[in-house]
Each structure stands twice: as C-alpha cells, then as structure tokens.
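The next block holds one structure in the form of structure tokens; read it before the comments.
Indexing begins at 1, ligand by ligand and atom by atom, following the structure's order.
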Amino acid sequence: MVTAHLLGFPRIGFNRELKFTLESYWNHRTPETKELLFKTRKEICLKTWKMQKLLRLDFLTVGDFSFYDHVLSTLCGLGGLPKRYGFNVKSPSIDNYFDAARGNSNFRAMDLKKWFNTNYHYLVPEYTSGMEFHAEFPWLLEEIELAKTLQHPIKVCMLGPASLLWLGKEYGGLVNRIEVLPRLLEAYKRVLMNIKFKGVEWVQLEEPIASFNLPAIWRRALSTTYEQLSSCSPRILFTSYYAFPNEMYSFLKSLPVDGFHFDITNNVSINLLESYPSDKVLSVGIVSGRDVWKNDLKRSIHRVERLRSKIRSELWVSTSCPLLHVPCDLSTEGRISESLKRKLSFGVQKIQEAVAIKEHLTNQNSNIATSVLVKETHFNPRVGFYTEELENECCFKRLSYLDRIKLQKNISKHLIFPTTTVGSFPQTEHIRKIRSQFKKGNLTQKEYITTLKTEVSFIIKKQAVYGLDVFVHGEVERNDMVEYFGELVEGFMITENGWIQSFGSRCTKPPIVFKDLSFIRPITVYWTRYAQGLTNKPVKGMVTGPMTILNWSFLRKTQTIQEMSLQIASVLRKEVNLLENHGTRIVQIDEPAIREGLPLLYENWNQYLSWSVKAFHIVSSGVSASTQIHTHLCYSEFGEIVDTLVKLDTDVISIEAARSNMVLLEPFKECGFTNEIGPGVYDIHSPMIPSVEEVLLRIKYITTSISKERVWVNPDCGLKTRTWSQVDSSLSNMVKAAKIARLQEPSV
Ligand code: GLN
Ligand code: ZN
C-alpha cells in the first residue's frame, strides 16, 4: 500500500478570490464585506478539499488556509499576537489579526521577512519574557468540522513549534526565545489534543528549519518538543522541506514521531534513506513544489520502487513542499501554447502526478506512458551577447570609481546631497485601468501611448515642482518590474492566471523561462527618451537587474541559474548600452531581490553571490565611465551581504534603511565602501508624511557615517503604492530638508 497526500494547496483561490475579498474588507470594513470574507474562506477550503477527494488523494489536508500568512495564523491561533496592539490576545478577532499584519493608526505592523529561500514573506513573531499562550485555535477547529462534512480521511497541517520559535525574534528584553518553548508547547498540546478529540488521525507538523544544520540548542528544542507532543497528539508526521536535511538526518530519525516527510527532489540519493526506521511512515516529496515543470514520472516511479526495495516502512508520496509557491491550475491557462503546456505542471497537475505515482506503485496500471517528459533544446552559448568572453572577468571591469567620478562631475556633482527618487510614482486607479483596457483590446496602441505620455509628462512636471535634482519617468508603463521585462525579452512566457501569493493579498505572476533568453527589442528606451525630452534635468533609466528577474521567475530545469544569469545579463547589457546611445546619462539597475536567491545553506552562498556580482557587472560595464550607474536594493537585511553590494561597484547605491533605523550604515562603513550612497530617508511603506525636521535629522545622522560628498537623498523605495497627496507632501519635505542641509554644509 502506498498513500498519496498533499502538504498544502495555494490559499489565495483559483481566481485570487481571497485577494479581492480581503481588499474589499479592508477598504469598506462593513459587516457585509466581513461576512463575504468568511464565506470566501469557506468556499476556497471546500473547493480545494473536494478537488483533493476527486483527484483520489488519501487525505484531505486541513489547516493550510490562512487569511494573511500561516505564521501569523499559527501565532494568533495559539494566542501569541504581540500585546502592544492592546487587545485581548486570548480571543483575538479578525480585525486584531489584520492590525498585527498591517499596522493601525497607533502601531506599526509586525515585521515582514522572507520565508526561507522562497519569495513568500511571513510576519515575524515577537517573543517576550513570561509570554503566555492561551487561545484555542478556533479557526482551525472550525475548518476541521467543515472538512468532516466531505466524509474523507483528514490530515491536519500546522507549523511546528520549533520552527515557529526559530522564525521569531526576542522582544522587550527577552534574552533567548528558547525560554518561551515550555509555554509554547503547553499551547500546542492543548490544540493537538482538541484535534485528536475531533477524530483526526494524522497531524503534519511542519519543521522547515530541519533543512538547516541546526546548533545543539535548537536540536535539543526539537527533541523536547517531540518528546512532549507525542503523548497527547494525533499521529505526528514530522515534515521537513525545501531541502533534504542531510546534516540532521541521523538526529531527526531518533525523534519520537510516527513518520517523517522528506524532500527528495534535486537528486537526493535514495541510499541516504537506507537505514530508515521500519516502524515509522516515510513520506517522500518527489514531485517538486518549487517549479512549474512536469514530473518525470517514469524516473520518479523507478526511484520510489528502489526505495521500497530498501526499506520496510509504510510509504507515502507527495510534493516536495506545500504548493504555496506554484499557481493553482494549468488547465485554465489561455495564453500558453499547447506545446509548452505539455511540459508544464501547476498545483492541480502536481497532485495528479503524486497520485499517478501512487497508483502505478499500487496497481501497476496507471497510464504513465502518456506523460510527456521535459526534453528541451540545450543551452545555446551564442544566444544574445553570450560569448567566450563572458567567462573572462576582466572584460567587465569599469574604470575605478575615483576615475569615473571625475568624468561624471557634470551630472549632479555641482551640489552635495543630490535628491532623487527610486523610480515609480503612484500607480493610480486610472493608470491601472488604462493598462487593463489596453490588454483587453479596448484601447488602441495609439490611445494607450497618448494616455501614458500625459501621465509621464505629469510626473516630470511634479518632480520639477518638488525641486528634485535627478528625475525618473515614473514607470507608468510597468505592471510589475519583472513581468514587464518578461514580456519584452525573448524566452519568457507570461501566464494569464499564474498568480503566487507573496503575503496577504499581495500576489505576483512570475514569468516562466522556457528557452534561451535573448534580446529582441528595446525594453525601456522609448519611455526614458520621452521623459528626457521634457526636461533639462537628467532622467535616470530604470532597468530591472538580472538576479531580480531570475529570482522572481520560474526557471528552466535543464539549465543552471548561472547559465540563465549570463543570458539575461547579456540582454540587459544591450539595453543599458542602448539607453546610453540614446542620451541617458544615469542608469539605475534595480536588484531588490538579489538576496532572495541565496541558497538555504550558508556554505553555498559564496558561489551564488559571485555569479550575482558577475551578472551585474556584465550589465553595468558596457557603458562609458561618464555614465553613472545606480542600483537600488530593498526588502531585506543586507548586513550579511554588504561586501557583495560593495563589489557591485555602482557609482550610487540607494537602499532601504529608514525602517531599520539606518543600521546598515555601519556595515557599509566597515566594508570600506567609498562610492556614493542614498540610504532611504523615509519609509515609503507607511502612509505617514515625514516632516522636514525628521528628514534633516536622518541626513545629519547619515553624515556621521558617510562623508557628505557621497550622500544622496531619496525615499527608501519606489512610490507606486502611495497616493499623490502623500507623495506631494513627502517629496517636498524631503527636498526642503536636503536644501537646508546643503546650506548648513557648504558645497565642496
Ligand atoms: N524602481 C522600482 C520602483 O521604484 C524599484 C522597486 C523595488 O525596489 N522593489 O518601483
Ligand atoms: Zn525598493
């Protein structure tokens, strides 16, 4: 007997229903929109469970739904929301939950952080000393009741205590969050007992931290956790994912649980599992939950058969991880060609693959012959600008910064504290409507371009009014900084409905790399030139960087990320060179997601980071030394990779710093960074308007670490999510502050 099960399905809904009802609730806050929100959750859950039953999975997986983020939901379910929001943490309401996620007028939101090596983001739990957990996870218990109506075995999934604790941070004087573990376990015990009372046989406790090589104290935390939980819980499937826990395997095996799930994609050797204990269930994640490619079913079946001949345990098959990171369903895709579709697999299809493997192993008769394996044309080294030269580092060196700066003097160097923005301006309802009408064919290309021109000239006029020194065109033509490039570079496929949740209602539609990437047409030149034609101030060209494009796309399986990074970098090099040819004197190469591709294991970081630097240099080094190269980074803590950022050797780097109180400045100083830097002087994620005094204080503070000739003044990210009235006040104040700062620090 082999069992097929699912670790979790996307919760956003087949048509992003959750996103739309969330936003309507946040905008209106009426009893009707609240009711709709709960109704949507019920519909999404029922629809996914019915599908699971129909596809012949052996369990319905319950507990993967979340209104915003599963880390927050687990914390809230246990009664662990931060006290500072001032509500009763024992019985938090949905509004309390959203306040913690998004902030309210009195308190900022909880911190948001990248989830392992994915593009999903979670809310960071805050642990305080003496923290108690009282709640009883009512939402989960309700979902179990609802699932029971479908009369199919249920497996409940939950984030495990050790990971929940690891992912959080100490707060308000707590020294080590491990101290909180005993009380957290009491809460888990209560909840697990309740789940058991409901007649649930299996609970999947997810401990993705098991793929790290954990220090002894955290291994002990895992032992304590599972020793305590095993007695009062349904049978426990200890679930690790995102990588096989090589280093931890022998340790994990000794934990008193009823089974393990391991990710065995990426050619994990079956031999590693030879000594697997016969009294525990072994669940293997053999269908990748991280890519969109069809599984090689023959090979998978062969691997599981070999595994079966080596071990005596009960075997389950599944996807490698919850399907949070892939779109829901391929069958409804209209845009993708049939030939490409035959190679792809989204959420529903991945379930079918797991079931096909199980059924073949059980009755040897499922029709796997029809499965199309991914056979692709191989990497063509001569595509784009890719030549042998790309192997040679020295072809991509610019003159030294000190030599470049002399040639760039005339751009903005006549003053200190030059002011600029990061690229986008408000993406108003109107702009979004125009874009969608054009897409639907309700607007001709001519009408579309005329409308966008009006928008760009409006943005140029605004920047003149604020008194900024370096302008941007505003990115009105871009729905998304990666998708836009995906649409214009050969080799990417843009899906119609392939949405992935980033967090809350925020979704992205990652392009799919399906063949060699090559340059076919200019991407940004038209709008940059148009904007430059409207002003004498320099307009910065805006190019999305190579690693950000790749990290926010689905990549090919038949190529290494290194090969793909060389291809996309060659395309972008051509684009940057073209911008220069058309008179652009400043180009910003955005790399906000450079950190997102970091491998899980620290020992693999260096290799990734050195490709990233190389790819960046390929893009940035084709222009003359007098062209100023900027980059922009945000979303993460860069402390650990500051030396890589220094190696990018851009003339100017703008970086998110306002929210983290400029903690980044110190590492930059220590790394001996000599080039120019624009640490964001206010947080664009907040609707608050920074006062002139506040910005001035920040500028002053920056100059305590960075010499004034090297400081740029800019917000900490693009302004596309802000309203015009917020932008008007914020940027005017920012420019005023820079002017005052200049007067106080006479020019050099
Ligand atoms: N240039 C982009 C913008 O302003 C940068 C976005 C980002 O950093 N995520 O929107
Ligand atoms: Zn940013």
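Results of the side chain to side chain donor-acceptor pair (under 3.5 Å) test with Asn675 over Asp651, Thr650, Asp649 single out Asp649 as the only residue that passes. Gln427 pairs with exactly one of Arg722, Glu455, Arg435 by the side chain to side chain donor-acceptor pair (under 3.5 Å) rule, that one being Arg435. For the side chain to side chain donor-acceptor pair (under 3.5 Å) criterion with Gln588, the lone passing option out of Lys540, His632, Gln628 is Lys540.
Within the 4.0 Å heavy-atom criterion, the part of Pro592 lying near ligand 1 is the side chain and not the backbone.
Of all atoms in ligand 1, numbered sequentially from 1 with element shown, those under 4.0 Å from a heavy atom of Met481 are 6 (C), 7 (C), 9 (N). Each of the atoms 1 (N), 2 (C), 5 (C) of ligand 1 lies under 4.0 Å from some heavy atom of Asp590. Set against the non-hydrogen atoms of Gly718, the atoms of ligand 1 under 4.0 Å away are 3 (C), 4 (O), 10 (O). Residue contact check: Cys634 has heavy atoms under 4.0 Å from atoms 7 (C), 8 (O), 9 (N) of ligand 1. In the vicinity of Ser424, heavy-atom distances shorter than 4.0 Å reach the ligand 1 atoms 3 (C), 4 (O), 10 (O). For ligand 1 and His632, the ligand atoms under 4.0 Å from any heavy atom of the residue are 8 (O). Proximity to Val422 (heavy-atom distance under 4.0 Å) selects the following atoms of ligand 1: 1 (N), 4 (O).
Residues Trp605 and Tyr608 place their aromatic rings such that the two centres sit no closer than 6.0 Å.
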Checklist entry - Going through the distances and angles, do Tyr242 and His325 end up as a ring pair (Phe, Tyr, Trp, His ring centres under 6.0 Å)? => result CA-CA 11 Å; Tyr242 297 140; His325 317 296; 5.6 Å; yes
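For the pair Arg742 and Asp469, the salt-bridge criterion is met [side-chain N within less than 4.0 Å of a carboxylate O].
Ring orientation note: the planes of Tyr526 and Tyr530 are close to parallel, at an angle under 30° on the 30°/60° scale.
Taking the Zn ion (ligand 2) as the apex, the angle formed with SG of Cys717 and NE2 of His632 is 130°, to the nearest 10 degrees.
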Mind listing the side-chain donor-acceptor pairs of residues 663-670 below 3.5 Å, one per line with the distance, residues two or more places apart or on another chain?
none

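Ranked by closest heavy atom to atom 7 (C) of ligand 1, the top entry among Cys717, Gly474, Gly545 is Cys717.
Taking any N or O of Lys720, backbone or side chain, none lies under 3.5 Å from an N or O belonging to ligand 1. Distances between N or O atoms of Gln588 and those of ligand 1 include no value under 3.5 Å. The shortest N/O to N/O separation between Trp552 and ligand 1 does not fall below 3.5 Å.
Residue pairs meeting the ring-ring contact (aromatic ring centres under 6.0 Å, His included) criterion with at least one member in residues 481-508, sequence neighbours excluded, are His121-Phe503.
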